[in-house]
Amino acid sequence: MNRREILVLRALGLGDLLTAIPALRALRRAEPDARITLAAPNWLTQLADEIDAVDRLLPTPGLTRLEWSGAPPELSVNLHGRGPQSIDLLTELRPSELFSHASRHHPRVRGPQWQEEQHEVRRWCRMLEHFGIATDPDDLNLPKPMRGGPAPGAVVVHPGASHRARCWPAQRYGEVASRLAEAGAHVVVTGSASERELASVVARVAGLPEHHVLTGNTGLSSLAALIAHARMVVCGDTGVAHLATAYGTPSVVLFGPVSPAHWGPPPDRRQHQVLWAGSIGDTFADRPDPGLLQITADQVIGAVESYWSSGGESRSVKGGAACARIGSAS
């Protein structure tokens, strides 16, 4: 008996895959006997396997032609964007059904209207709900790897991000790392191979030995294990923050220029603390966002110490979720 073929497009990065976990799992629950193929970058294969909702990964480095073979899929699901490029790629395969947001470029595609002001997790759950698929937006957890990675129990400082606008200054990350190390924490600095110089600056400011710089030495599986078994993660709005959410690892996440209401951890998970100036900026700017620069090293240290001193019960400004608006916007 041939299995129903479902193709899902989400050819983006680490954080994008992790925020799509609830949608992917909802699709699996709705189609338990189907073969679900995820079109995504090849380096995400191992993590995609951990989601337990995908049967295979079709290597797709961005919005490039899909190397699909065989008969057209019975169902294609656009978890990539609003179109038109993503819809173009999927309609080229002539699927029997297409789940996507509506697009003025594709008037025959029936789906919900795109909404700017909503969380990324909720965006894709809402789209599937439009097509009658029940979802659980809180279904974000991944099983922890058995092994603790290269530095179990460490405080992970991750200074890099996909865009300069999201990069808090290395000097400030170094100050935070220094003070945490002085307090007795085992601090390591992570990043990609291309971020080695950035991480080395952080380590030099902090007075950390070079072997505490793990950039370029951790593949995705090793990085995931490191984050899963870390004591704390300090980072910007990047994929590592979403790994901390997935593994339940305490984190302090520095937001700017994007709102945590769009990309932040669930507000009821008190082990994750968000610092944000309350302003929206240009994601693609070639310099750190002005709102991000309002966050000081003292505020980051304060957030870490608040969590530790309260025995795991984080405290937040203004009572609500663990999102502290800082600076002039407070």
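Values in this document were obtained by computation on a predicted structure and should not be read as measured data.
Put simply, the side chain of E195 gets close to the backbone of S192: a donor and an acceptor are under 3.5 Å apart. When atom types are taken as modelled, the side chain of S251 and the backbone of V253 share no donor-acceptor pair closer than 3.5 angstrom. In this structure, the side chain of H80 does not engage the main chain of L12 through any donor-acceptor pair within 3.5 Å. Put simply, the side chain of T249 gets close to the backbone of I227: a donor and an acceptor are under 3.5 Å apart. Judged by distance alone, with hydrogens and angles left aside, the side-chain atoms of R10 form no donor-acceptor pair with the main-chain N or O of A40 at under 3.5 Å. Panel note: side chain R164, backbone A285; no donor-acceptor pair is recorded below 3.5 Å.
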Test side chain to side chain contact (heavy atoms under 4.5 Å, CB included) on V188 and H186; report intermediate values, then the result. CA-CA 7 Å; V188 298; H186 177 55; 3.8 Å; yes

Evaluate the side chain to side chain contact (heavy atoms under 4.5 Å, CB included) criterion for residues I36 and V77: first the C-alpha distance (whole Å), next the side-chain angles of each, then the deciding distance (0.1 Å), finally the verdict. CA-CA 10 Å; I36 298 177; V77 182; over 6 Å; no

Determine, stepwise, if the pair T135 / E129 fulfils side-chain hydrogen bond (donor to acceptor under 3.5 Å, both in side chains). CA-CA 7 Å; T135 69; E129 288 166 359; 2.5 Å; yes

For R29 and D136: C-alpha separation, side-chain torsions, deciding distance, then whether side chain to side chain contact (heavy atoms under 4.5 Å, CB included) applies. CA-CA 11 Å; R29 289 192 298 271; D136 177 6; 4.2 Å; yes

Derivation of the side chain to side chain contact (heavy atoms under 4.5 Å, CB included) call for T215 and L198: CA-CA 9 Å; T215 51; L198 171 64; over 6 Å; no

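A cation-pi contact, defined as under 6.0 Å to the ring centre and within 45° of the axis, is absent between R123 and W263.
Minimum heavy-atom separation, A185 to V155: CB-CG2, 3.8 Å. Scanning all heavy atoms of the two residues, the minimum distance from E50 to L142 falls at O-CD2, 3.8 Å. Between P22 and C125 the shortest heavy-atom distance is CB-SG, 3.7 Å. A39 and T60 make their closest contact through CB-OG1, 3.4 Å (heavy atoms, listed as atom of the first residue, atom of the second, distance). Across all non-hydrogen atoms, the minimal contact from A23 to L79 is CB-CD1, 4.2 Å. Of all heavy-atom pairs spanning S306 and Q273, the tightest one is OG-OE1, 4.3 Å.
Salt-bridge formation is not detected for the pair D55/R35: no Lys NZ or Arg NE/NH1/NH2 atom is positioned less than 4.0 Å from an Asp or Glu carboxylate oxygen. Using a cut-off of 4.0 Å between Lys/Arg side-chain N and Asp/Glu carboxylate O, D138 and R269 are scored as salt-bridged. A salt bridge links R196 to E210: at least one charged side-chain nitrogen sits closer than 4.0 Å to a carboxylate oxygen.
Checking each of E117, E116, H119, Q118 against H262 for a side-chain hydrogen bond (donor to acceptor under 3.5 Å, both in side chains) leaves exactly one that passes, namely E117.
Taking the side chain as every heavy atom from C-beta outward, V233 and Y247 never approach each other to under 4.5 Å. Within the 4.5 Å cutoff, the side chain of R172 has no heavy atoms near those of the Q299 side chain. Taking the side chain as every heavy atom from C-beta outward, L226 and P150 approach each other to under 4.5 Å. Here the side chains of L14 and L220 are in contact, with some heavy-atom distance below 4.5 Å. H158 is listed as a side-chain neighbour of T238, based on a closest heavy-atom distance under 4.5 Å. Annotation: side chain of R4 is not in contact with side chain of D33 (no heavy-atom distance under 4.5 Å). Residues S76 and L9 are not in side-chain contact: their nearest non-hydrogen atoms beyond the backbone lie 4.5 Å or more apart. Residues V258 and E120 form no side-chain contact, since every pair of their non-hydrogen atoms from C-beta on lies 4.5 Å or further apart.
Other residues, nucleotides and ligands place no more than 12 heavy atoms under 6.0 Å from the CD atom of Q46.
The hydrophobic clustering, which links ILVMFWY residues whose side-chain heavy atoms are closer than 4.5 Å, places V8 and L44 together. Residues F131 and L75 are members of one and the same hydrophobic cluster, defined by side-chain heavy-atom contacts under 4.5 angstrom among Ile, Leu, Val, Met, Phe, Trp and Tyr. At a threshold of 4.5 Å between side-chain heavy atoms, the hydrophobic network of Ile, Leu, Val, Met, Phe, Trp and Tyr places L292 and I301 in one connected group. There is no path of hydrophobic side-chain contacts, each under 4.5 Å, that joins L140 to L17. In the hydrophobic cluster analysis, where Ile, Leu, Val, Met, Phe, Trp and Tyr join through side-chain heavy atoms closer than 4.5 angstrom, V240 is grouped apart from I295.
The six-membered or imidazole ring of W124 lies near that of H101, with a centre-to-centre distance under 6.0 Å.
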